[in-house]
Amino acid sequence: MVTGEQRHGRERERMVAEQLIKRGIVDPAVLEAMRSVPRHLFVDEALRDRAYGDHPLPIGESQTISQPFMVARMTEILKFTGREKVLEIGTGSGYQAAVLSRVAARVCTIERIPRLAARARQTLEAIGASNVWVRAADGTMGWADEAPFDRILVAAGGPSVPPPLLEQLGEGGRLVMPVGPEDAQRLRIVDKVNGQPNVTEDSSCVFVKLIGKYAWEA
């Protein structure tokens with residue numbers, strides 16, 4: 001008899017093979033992180049049968065858990081070696097932070113909605129992600145007392161990269177964020193070289209709105 005965990009394990013393997021590898025995700029550490037994190041634990045029980053589908057899912061408070069491919073793509077773009085300290089803006093369910101915890105040394109993640117932050121913290125603790133720290137705050141302000149960061153990932157779309165995040169990105173560091181109008185963004189990649197931002201762009205995407213002092217109003 002197949003247990004629930006065995007079934008979810010098979011679904012993760014299928015997700016990695018069909019949604020990630022076939023679409024160009026190649027980093028072995030990212031693929032292993034996506035295989036190992038139990039995505040179904042980061043959604044409501046009623047949605048667990050859909051947890052490994054090729055789509056975002058609602059998590060309450062008008063927020064979503066991102067599509068698996070986008071989680072993997074943004075993680076791969078950041079090019080982790082395993083030694084980095086990373087800042088994530090927009091914790092949501094905590095799933096992206098869980099994936100980051102498998103490829104980085106330390107993860108600091110900020111969620112503006114206290115109820116989501118508390119739930120994410122509980123789930124991350126339950127899966128043993130002991131290198132993740134969760135804060136409920138305005139993510140566009142960053143986390144100054146933990147800066148500088150080697151990597152920054154913004155899991156919500158804004159009109160531009162918030163200045164505090166650029167300031168808190170360490171020399172030689174990399175940031176990735178969806179930037180553009182509310183209904184259509186592109187992934188913007190910022191490398192800090194000699195103290196200056198070097199900006200490139202990746203694929204088109206649509207994320208929930210980044211809310212805060214340096215983004216959209218609530």
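- Applying side chain to side chain donor-acceptor pair (under 3.5 Å) to Tyr52 and the options Glu11, Arg12, Arg7, Glu13 leaves one that passes, Arg12.
- Counting only heavy atoms from C-beta outward, the side chains of Pro56 and Ser66 never approach each other to under 4.5 Å.
- Side chain of Trp133 to main chain of Ile110: no donor-acceptor pair is present (N/O by atom type, distance under 3.5 Å, no hydrogens or angles).
- When atom types are taken as modelled, the side chain of Asp138 and the backbone of Thr140 share a donor-acceptor pair closer than 3.5 angstrom.
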Test side chain to side chain contact (heavy atoms under 4.5 Å, CB included) on Arg39 and His8; report intermediate values, then the result. CA-CA 9 Å; Arg39 181 176 166 91; His8 289 310; over 6 Å; no

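- At a cut-off of 3.5 Å, with distance as the only test, no side-chain donor of Gln96 or Thr91 sits close to an acceptor on the other residue.
- The CD1 atom of Ile152 sits 13.0 Å away from atom CZ of Arg174, with the distance rounded to the nearest 0.5 Å.
- Considering all non-hydrogen atoms of both residues, Val71 and Met34 come closest at CG1-SD, 4.0 Å.
- The salt bridge (charged side-chain N to carboxylate O under 4.0 Å, His left out) contacts involving residues 201-218 comprise Arg73-Asp202, Glu182-Lys209, Arg186-Glu201, Arg188-Glu201, where partners must be two or more places apart or lie in separate chains.
- With a 4.5 Å cut-off on side-chain heavy atoms, Val206 and Asp183 do not count as touching.
- One distance of note links CD of Gln67 with CE of Met15; it measures 11.0 Å at 0.5 Å rounding.
- Val193 and Val161 are assigned to two separate hydrophobic clusters, defined by single-linkage of ILVMFWY side chains at heavy-atom distances under 4.5 Å.
- Checking Arg102 against Ser36 by side-chain atom types alone, a donor-acceptor pair falls below 3.5 Å.
- For Trp216 against Gly158, the heavy-atom pair with the smallest separation is NE1-CA, 3.6 Å.
- In this structure, Glu88 and Ala155 approach most closely via the heavy-atom pair OE2-CB, 4.2 Å.
- In this structure, Glu125 CD and Arg121 CZ are separated by 7.0 Å, a value rounded to the nearest 0.5 Å.
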Please lay out, stage by stage, how Arg23 and Asp54 fare under the test salt bridge (Lys or Arg N to Asp or Glu O under 4.0 Å). CA-CA 12 Å; Arg23 295 173 71 180; Asp54 187 22; 3.3 Å; yes

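- The closest side-chain heavy-atom distance from Thr64 to Leu57 is not below 4.5 Å.
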Quick one: do Leu210 and Val154 satisfy side chain to side chain contact (heavy atoms under 4.5 Å, CB included)? Show the steps, please. CA-CA 9 Å; Leu210 179 65; Val154 184; 4.1 Å; yes

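- Not one N or O on the side chain of Asp27 forms a donor-acceptor pair closer than 3.5 Å with the backbone of Glu76.
- Within the 3.5 Å criterion, the main-chain N or O of Val86 finds no donor-acceptor partner in the side chain of Arg151.
- Between the side chain of Glu61 and the backbone N or O of Leu116, no donor-acceptor pair lies under 3.5 Å.
- With hydrogens and angles ignored, the 3.5 Å screen pairs a side-chain donor or acceptor of Glu111 with a backbone N or O of Gly92.
- In terms of hydrophobic clustering, with Ile, Leu, Val, Met, Phe, Trp and Tyr side chains grouped at heavy-atom distances under 4.5 Å, Val30 and Ile127 are assigned to a common cluster.
- Summarising the geometry, atom CG belonging to Asp44 is positioned 9.0 Å from atom CD1 belonging to Ile59; distances are rounded to the nearest 0.5 Å.
- Side chain of Ser93 to main chain of Tyr95: a donor-acceptor pair is present (N/O by atom type, distance under 3.5 Å, no hydrogens or angles).
- Annotation: the span from Leu165 atom CG to Leu87 atom CG amounts to 6.5 Å, rounded to 0.5 Å.
- Follow the hydrophobic side-chain contacts under 4.5 Å out from Val176 and you never reach Phe149; the two are in separate clusters.
- Side-chain atoms of Gln185 come within 3.5 Å of backbone N or O of Pro181 as a donor-acceptor pair.
- Taking each heavy atom of Val132 and Ser101 in turn, the nearest pair found is CG2-CB, 3.6 Å.
- Interatomic distance, Ile189 CD1 to Thr200 OG1, rounded to the nearest 0.5 Å: 4.0 Å.
- Without hydrogens or angle criteria, Lys192 side chain to Glu171 main chain gives no donor-acceptor distance under 3.5 Å.
- A pairwise comparison of heavy atoms in Ser204 and Met70 identifies O-CE, 4.4 Å as the closest pair.
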Which is it for Leu187 and Ile77 under the side chain to side chain contact (heavy atoms under 4.5 Å, CB included) test, yes or no, and what are the steps along the way? CA-CA 10 Å; Leu187 288 181; Ile77 283 171; 3.9 Å; yes

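- Closest heavy-atom contact between Gln63 and Arg112: NE2-NH2, 3.9 Å.
- Under the 4.5 Å side-chain contact rule for hydrophobic residues, Phe42 and Ile113 share a cluster.
- In the hydrophobic clustering of this structure, Leu78 groups with Met74; members are Ile, Leu, Val, Met, Phe, Trp, Tyr whose side-chain heavy atoms approach within less than 4.5 Å, directly or through other members.
- Through direct or relayed side-chain contacts under 4.5 Å between Ile, Leu, Val, Met, Phe, Trp and Tyr, Met141 connects to Tyr214.
- Note on Asp150 versus Lys79: no salt bridge recorded, every NZ/NE/NH1/NH2 to OD/OE distance being 4.0 Å or above.
- Counting only residues at least two apart or in different chains, ring-ring contact (aromatic ring centres under 6.0 Å, His included) contacts with residues 63-94 are absent.
- Using a distance-only test at 3.5 Å, with no hydrogens or angles considered, a donor-acceptor pair links the side chain of Arg48 to the main chain of His40.
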